[in-house]
Amino acid sequence: MDYYQDLRPEGTLPYPNLIQGFASNNQQAYFMEPKEDVGGPSGGKFRRSKQEEGMETELAKHYPGFGSLSHLYTMERLGKGCHQLVFYRRDRGVVEHGLGRQNEDTFECAKFNILRHPRQHDDNNPNYAAKNPGLVTGMDQAMLNLTNYPFLSHTVMSAPLLPRCVPLESEKIAKEGQFSMPKKSQPEGLTKVFGNTELCLKILYEVAARWDDLSNLTRTCQMFLYRINEVSAHADLTRGNFLNLDFTDDAINEANKKARKAAAEKAEKEDAEKAEKAETDVAEKGEDEKKKKKDEFIKPGSSSFLVFSNVRKRYLGAEDGEDSPNSLGFPAPPKGRYYSPPVERRIVDTYRLLSAINVRGSQIRILHFHSAPFLDLSMLKKCLDELPNLRVLGVHNCELLHFGMTVPLLEAVVARNEERGLSFVRSDFSPFYYYGRQRKSDGKRGEYGVIPSDMGRVDTLRAVTAVLRTAVPLARANGIDWFTPGTGLRKFLDRLPFKLGTVRYILEALFNIDDFQRGVHDSDEDAQWRSEHAEVVTAWEAAMNRSLHSDLVLAVNGAPMDQGQLNATMTLGGDFILVRCASCQAELPSYFFSNESSNRVEEQIQCCGCQLRILLDSQVDNYFQEKKVVVRKLFEDPRITDIETFLTAKRLATEAELNDPRFPFWTMAVKTKEEVQDASCGDFVLDGRPALSDPAESKEIWLWRERVMRAMKFAKNHIVDGPRQARVEVARCQRGIENLNTIYNSGELSSQFDRKKNRNDVDKLVRYIDQVYARCGRGSMTGQYGTTVAADWDTEITKYRERVQAQAGIVKNTGPYNTMWSTWGDLPGKS
């Protein structure tokens, strides 16, 4: 649900904009450098140190576009020394990366609206400044009612870029799920441009590579939405409607020829039966013609813009209606459902998807995958090899392509663009986003976005930044934009629970580091001078590098840090030094490495980003590992090297397979049973299978059918039957917990050791139950004893609300005196 900004004429928020108020109320809680010196040493005000001014003056002469160094600010502690804090630099040079927005502060603060992440047992009122705001009403209540989306009967979209109903004609009442009549008309010139298919596609060649921009364009007016829908082909992965894209035109013509012949023979037979009649009814003849047309296969239209996604049809609500909201206005759990295909059908449709790519590959210019099941990186690479003229690729919210696949997918696109004879592909990527379940009964403990469960292993904010440290230089070096507002990856990052107002500045710090390493600030005119003063230049570059990496650490931390603590993350023996990750080779401050990893030998040190990738690859939530195995089984044969060989490769059935009644030979056979028997020597095996002496062609089977059937069998045993097995496991564990509790409460355990062991055994069983629920997609896990380290929206929204209440005087400090440590802001250096 997008609720970044309230729909109100003045464009304001229902709660104070904390970013605008930080400078005057709580500067020590905000990571950005104060706009100006705010006064002398009294009153707890900050004073800027002048120790770096001399070097800055020299840097301005030789590196005029770099900006300032990191500044040190001091604030007295009422006779107990002073705080020495470092902030994110305001003067970062003259290079503009286009990472910001015009309404940056409003956009960032609007993320912390509780209605975007409502809670079942909360009033969910975004009026944080009121002591008792009461229940939500009006527009806020309407937004709260969207909690169960998409399990609502009146949704107007059935899939990305696909409206549920046709446009409403004049003087008609809109039916459920249909847009109302447009209140305004677009300019005639704009309408004509989008009405021209060729011009519309040319516009989409530019916009379709930026998913957020494209989706916002379709929200602008109905004309854009319906026109884009007309020039695109939308394959339905829910019901397996591929619009005959997986058949060649020749195959469709041949099928229609046979259909017409069969229809003609049937009509002749029916006419013979009616020969006794004097004449045939004219209306009846017309109906026969319509029926013939209906029985024919329709050729797909233009496939220049092809979208593969799930399509939601009508919401199947409960017969007795939905339950009433609770006393706080929070909607009851939906009782209805949408049609969901069986997993086995999904696997067959994956084969059909690959077939459509193979058949129509040369015609496709824009290709979008949205929530495509079983699409992983290996399959995506095979698809790219079949698309010689592709210009735009969009991969969005596919379950097997999580954030840990950002760099590998980027490398795959770069490798594709470097191949000779193939078109240049502009790409966009939205990693799979993990939603938090709204209700406690489902066991979810928060919404982390980038991971499904927080087991206390990885600090997600540091890990995401560490991954971006590799992705940003790679993308920029190859002309790929995934990070400016309007792209899919930037939208994904904006949805993660980063600290208030930090996403843009984390990316900007990464861009600035990349610029520095590429020598953007070096001047050819100073080359001679730099070579003559190498020692001085080395010291300057170390100071500049330190400032750039300090910005990165401070932005992720979301608050200023003590100078000593900040320097400790990138200083060794007084010298500036970074830690190199042995896996991704990224050089980062120790802030982005866990203590456990930092203490390893050099060849085993891993940054948080690589640990996140391993965590995501090894997750068990929602049958993730089983789904990966399904994809592997589809291509698990040395004869399959690409989509073409997957679809056309054959092999001979062995003698053991032909004599095994459990082996479904006729399901996979290349020839029909009649063709095999006609070519047979007379000897048959079992149900008419070819014998050893029969021609080799009679024993051939399709490799793709064998692989699909093996994948279906595995999915049936491990995914379809998984919930049933899980219920047995949960019941066993619950009985074990009851027995342990009975023993504990009976007083039989006399020693402290036995009582502690009993409680530990209960904790293990509880955690195992959580793991079983998570594996079925019905809950999430935490670390031992509830340990958590990942950032989640519940915590960040609570912090925002508490700060607003502190500024409004609802929450007051009752300590002996006011210090920066007793404010409601984050503690400097707090991680």
Side-chain angles (χ1 to χ4, degrees), residues 55-56 58-70 88-89 91-100 406-411 413-415 417-418 424 426-427 464-485 487 489-490 493 503-556 570 575-581 583-589 591-592 607 609:
M55 184 178 291
E56 281 190 359
E58 294 298 321
L59 289 177
K61 298 177 182 178
H62 301 281
Y63 302 93
F66 177 77
S68 71
L69 296 176
S70 296
Y88 192 99
R89 298 176 303 147
D91 181 6
R92 298 178 297 280
V94 298
V95 179
E96 176 57 49
H97 302 295
L99 298 170
T406 300
V407 174
L409 196 152
L410 191 56
E411 292 172 340
V413 173
V414 170
N417 287 339
E418 291 176 348
F424 183 86
R426 298 174 64 233
S427 59
V464 169
T465 305
V467 172
L468 294 176
R469 178 65 185 89
T470 303
V472 166
L474 180 60
R476 297 185 75 199
N478 292 277
I480 298 174
D481 177 17
W482 282 6
F483 309 104
T484 56
T487 61
L489 185 59
R490 177 60 182 272
L493 295 175
V503 176
R504 168 200 172 173
Y505 296 104
I506 290 173
L507 290 170
E508 193 166 309
L510 291 168
F511 274 56
N512 288 334
I513 292 172
D514 184 47
D515 284 348
F516 179 77
Q517 293 181 343
R518 291 190 294 117
V520 170
H521 303 293
D522 295 340
S523 172
D524 294 337
E525 300 175 357
D526 283 349
Q528 179 67 27
W529 186 91
R530 288 199 303 271
S531 63
E532 294 174 354
H533 301 79
E535 186 174 347
V536 175
V537 170
T538 300
W540 289 356
E541 289 182 347
M544 295 162 68
N545 211 357
R546 184 193 298 273
S547 295
L548 293 171
H549 285 87
S550 294
D551 283 350
L552 182 61
V553 173
L554 291 165
V556 177
M570 57 190 85
D575 297 326
F576 173 75
I577 189 169
L578 299 174
V579 183
R580 179 185 291 273
C581 175
S583 298
C584 66
Q585 303 303 312
E587 292 186 343
L588 289 159
Y591 182 83
F592 297 98
C607 66

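Below, each value reflects all heavy atoms present in this structure, side chains not excepted, and no hydrogens, waters or symmetry copies.
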Q: Would you check, one step at a time, whether the test side chain to side chain contact (heavy atoms under 4.5 Å, CB included) holds for L59 with M55?
A: CA-CA 6 Å; L59 289 177; M55 184 178 291; 4.1 Å; yes
Q | side chain to side chain contact (heavy atoms under 4.5 Å, CB included) between M570 and S550, worked out | A | CA-CA 9 Å; M570 57 190 85; S550 294; 3.9 Å; yes
Q | Working for side chain to side chain contact (heavy atoms under 4.5 Å, CB included), residues V579 and E587 | A | CA-CA 5 Å; V579 183; E587 292 186 343; over 6 Å; no
Q: Please test Y88 against L552 for side chain to side chain contact (heavy atoms under 4.5 Å, CB included), starting from the C-alpha separation and ending with a verdict.
A: CA-CA 8 Å; Y88 192 99; L552 182 61; over 6 Å; no
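Ring geometry, H62 versus W540: the interplanar angle falls from 30° to 60°, so the pair is classed tilted.
A pairwise comparison of heavy atoms in G98 and P485 identifies O-CD, 3.4 Å as the closest pair. Nearest heavy atoms, V413 versus S427: CG1-OG, 3.6 Å. Between L489 and W482, the shortest heavy-atom distance links the atoms CB-O, 3.3 Å. In plain terms, the two heavy atoms of H521 and G65 that are nearest each other are CE1-O, 3.4 Å. Pairing each heavy atom of P589 with each of L578, the nearest pair is N-CD2, 3.7 Å. Nearest heavy-atom pair, L507 versus F483, reported as atom, atom and distance to 0.1 Å: CD1-O, 3.8 Å.
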Name every donor-acceptor pair, under 3.5 Å, that has one atom in a side chain of residues 467-480 and the other anywhere in the protein, sequence neighbours excluded.
from	atom 1	to	atom 2	distance (Å)
R469	NH2	Q517	OE1	3.1
R476	NH1	F511	O	3.2
R476	NH1	D514	OD2	3.0
R476	NH1	D515	OD1	3.0
R476	NH2	D515	OD1	3.1
N478	ND2	L474	O	2.8

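Within the model, atoms CD of E508 and NE2 of H97 stand 5.5 Å from one another, a figure rounded to the nearest 0.5 Å. L548 contributes atom CG, which lies 8.0 Å from atom OG of S70 (distance to the nearest 0.5 angstrom). Atoms CD1 and OG, from I513 and S547 in turn, are 11.0 Å apart once rounded to the nearest 0.5 Å. Between the CG atom in N512 and the CE atom in M544 there is a gap of 10.5 Å [rounded to 0.5 Å]. With rounding to the nearest 0.5 Å, the separation of NE2 in H533 from CD in E58 is 10.0 Å.
Under the 4.5 Å side-chain criterion, counting only non-hydrogen atoms from C-beta, C607 is not in contact with S583. Residues F576 and H549 form a side-chain contact, since some pair of their non-hydrogen atoms from C-beta on lies under 4.5 Å apart. For the pair Y505 and D551, the minimum side-chain heavy-atom distance is 4.5 Å or more.
With Q585 contributing its side chain and R580 its backbone, the two residues share no donor-acceptor pair below 3.5 Å. When atom types are taken as modelled, the side chain of T484 and the backbone of L99 share no donor-acceptor pair closer than 3.5 angstrom.
In the displayed structure, E535 atom CD is contacted under 6.0 Å by at most 12 heavy atoms of other residues, nucleotides or ligands.
Both cation-pi conditions hold for R89 and F66: the charged atom is under 6.0 angstrom from the six-membered ring centre and inside a 45 degree cone around its axis.
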